[in-house]
Undergrad: 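The structure's right below; bear with me while I get my questions together.
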There are 2 protein chains.
Amino acid sequence: MLLLSAARALVDGIDGRVRAAGFDDIRPAHGFAFARVSGAGATVTELAEHLEITKQAASQMAEELIRKGYLQRSPHPTDARARLLTLTEKGHACTRAADAAAVATLEPLGRALTGSQKQALRTALRQLATPGRIRPTW
Amino acid sequence: MLLLSAARALVDGIDGRVRAAGFDDIRPAHGFAFARVSGAGATVTELAEHLEITKQAASQMAEELIRKGYLQRSPHPTDARARLLTLTEKGHACTRAADAAAVATLEPLGRALTGSQKQALRTALRQLATPGRIRPTW
DNA sequence: ACTATTTAGTCAGGCAGCTTGACCAAATTT
DNA sequence: AAATTTGGTCAAGCTGCCTGACTAAATAGT
C-alpha cells in the first residue's frame, strides 16, 4: 500500500506542477509518450509498443498531441511507409517542465534521506521492478 | 521511473496470482473496493469516496461485484435509505487470495533486503506517500 | 523480376468505465 | 411541518481503448 500510495503521490505531484506550469491539456499518460518520442523521435508503431497499446490507440494519441502542438510528423528518412514523430518546441518545453516537476516533487524526499537510505531505496525498487513495463495501466 | 515500475510490477504480480487462483473476472481496481468493504462493510457513498469516483460509478461497480458473487447488499441497520455492502464468502476467499498474492509477490524482495534496508524503504515511501489517495487512477 | 508475405499506418465501429444531470425517498435541520 | 441535506438510482453521453478491415510500402521467396 505504501508503495502504491507513493507512486500515486509522485504522479500527482508531477502532474500538478506540470499543469501549474501551463500545460494543462495533457495527462500523465502523455508523459510516457513524450519519453519515447524525445531524442531521435519514434514511429507510431514504436510508440504503441512502448506504451503497450495498439497502433490505433497510439495513432490517436499522436494525433491529439499533434493537434495540441506538442508533436509533429515528418516523413521517415528511410521508410516511406512510416512517419517520424518528434517533439515540437512546445513539446520540449513541456518535458523540461516535467523534469523540473519531478525534481521538485522528489526534493523533500532527497533531503530527508541519507545517502545509504537512498541506496537502499534504489536497491529495493530495482529488485521489484520489471525492466520495461513502466506505464501503469490498471 | 523505478518507483513507477516497481508499483506496476507489484500490481501485475498480485493481479496475475489472483487470476491464477481462479478469480479471473475481476480487475486490480476491485481490490481497492474489497479493501473498503471488508470488515464492517460500506455503503455505496463510502465506497465512492474511498475510490474517488462518483456514487454512480461506485454503484455500477458494486452491481457488477454483486452479480459476480463477491459482494452482497443488506439493508443498512440504522439508515433506511442506505444499503450495506459486505463481502460474500467468495469475496472473503478472494481477499485472502489477494493477501497471499501480495506476500508471494513481495517475498523475493523481503529475502533480498536486510532489516535496515527494509526500514529505509518504509521511511522513504512513507515520506512520499500522501495519506489517503491510494488508488492509482492515471 | 515477379509474386507473396510482412510491416506501417489509417478508417470504421464497438465497448467499458467513467462522467454529468435529473430524480426519488429517507433523514436531518430549521 | 416545511425546507434542506443525504443515500441511491436511472438515463444519457464522453473518452480512451479495443477488434476488424483495409491500403501502401518494404521485404522475402522462387
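Here is how names work: the chains are called A, B, and so on, in the same order as the sequence lines, proteins then strands, and each is numbered from 1. Quick caveat: nothing in here was measured; it's all calculated off a predicted structure.
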Undergrad: Report yes or no: does Ser59(A) contribute a side-chain atom to a donor-acceptor pair with the main-chain N or O of Lys55(A) at less than 3.5 Å?
TA: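 Absent.
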Undergrad: Tell me: CG of Leu65(A) to P of dT15(D), nearest whole Å?
TA: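 From Leu65(A) CG to dT15(D) P: 15 Å.
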Undergrad: Do the side-chain N or O atoms of Thr54(A) get closer than 4.0 angstrom to the phosphate oxygens (OP1, OP2) of dC17(D)?
TA: no
Undergrad: Can you give one letter per nucleotide of nucleotides 5-10 of chain D, 5' to 3': B if a protein heavy atom sits under 4.0 Å from the base, S if only from the sugar-phosphate, - if neither?
TA: -BBBBB
Undergrad: With respect to the phosphate group of dA16(C), does any side-chain polar atom (N or O) of Arg27(B) fall under 4.0 Å of OP1 or OP2?
TA: no
Undergrad: At what angle, to 10 degrees, do the two end axes of the helix from dA1(C)-dT30(D) to dT30(C)-dA1(D) meet, given five pairs define each axis?
TA: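 For the helix from dA1(C)-dT30(D) to dT30(C)-dA1(D), the axes at either end differ by 20°.
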Undergrad: From CG of Leu51(B) over to C1' of dT19(C), roughly how many Å is that when rounded to an integer?
TA: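 Atom-to-atom, Leu51(B) to dT19(C), this comes out as 15 Å.
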Undergrad: Taking Arg96(B) for its side chain and Gly91(B) for its backbone only, find out whether a donor-acceptor pair lies under 3.5 Å.
TA: no
Undergrad: Are Val11(A) and Leu128(B) linked, directly or through intermediate hydrophobic residues, by side-chain heavy-atom contacts shorter than 4.5 Å (ILVMFWY only)?
TA: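 Yes; Val11(A) is reachable from Leu128(B) via cluster members.
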Undergrad: Start with the C-alpha gap between Arg126(A) and Leu2(B), add the side-chain angles, then the distance that decides, and say whether side-chain contact (heavy atoms from CB on, under 4.5 Å) holds.
TA: CA-CA 6 Å; Arg126(A) 194 143 33 207; Leu2(B) 264 183; 4.2 Å; yes
Undergrad: Pick the nucleotide of DNA chain D nearest each of Thr78(A) and Ala57(A); which residue has the one closer to the 5' end?
TA: Ala57(A)
Undergrad: Write down the distance between CG (Leu47(A)) and C1' (dA8(C)), rounded to a whole number of angstrom.
TA: 13 Å
Undergrad: Linking I/L/V/M/F/W/Y whenever any side-chain heavy atoms sit under 4.5 Å apart, do Leu87(B) and Leu65(B) land together?
TA: yes
Undergrad: Write down the distance between CD (Glu64(A)) and C1' (dC17(D)), rounded to a whole number of angstrom.
TA: 13 Å
Undergrad: With side-chain contact (heavy atoms from CB on, under 4.5 Å) as the criterion, how do Cys94(A) and Ile26(A) come out once you've worked through the C-alpha distance, each side chain's angles and the decisive distance to 0.1 Å?
TA: CA-CA 10 Å; Cys94(A) 183; Ile26(A) 50 176; 3.4 Å; yes
Undergrad: With a 3.5 Å distance limit and no angle check, can you tell me whether Thr43(A) reaches the backbone of Leu84(A) through a side-chain donor-acceptor pair?
TA: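 Absent.
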Undergrad: Rounded to the nearest Å, what distance is computed from the CD1 atom of residue Ile53(A) to the P atom of nucleotide dC18(D)?
TA: 6 Å
Undergrad: Can you check the Leu85(A) CG to dA8(C) P distance for me, whole Å?
TA: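 Atom CG in Leu85(A) sits about 13 Å away from atom P in dA8(C).
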Undergrad: Let me check something: any side-chain donor-acceptor pairs from residues 102-112 of chain B under 3.5 Å, sequence neighbours excluded? List them with distances.
TA:
| from | atom 1 | to | atom 2 | distance (Å) |
| --- | --- | --- | --- | --- |
| Thr105(B) | OG1 | Arg17(B) | NE | 3.0 |
| Thr105(B) | OG1 | Ala101(B) | O | 2.7 |
| Glu107(B) | OE2 | Arg111(B) | NE | 2.7 |

Undergrad: Is there a side-chain contact (heavy atoms from CB on, under 4.5 Å) between Arg83(A) and His76(A)? Walk through the geometry before answering.
TA: CA-CA 5 Å; Arg83(A) 287 188 281 176; His76(A) 194 284; 5.7 Å; no
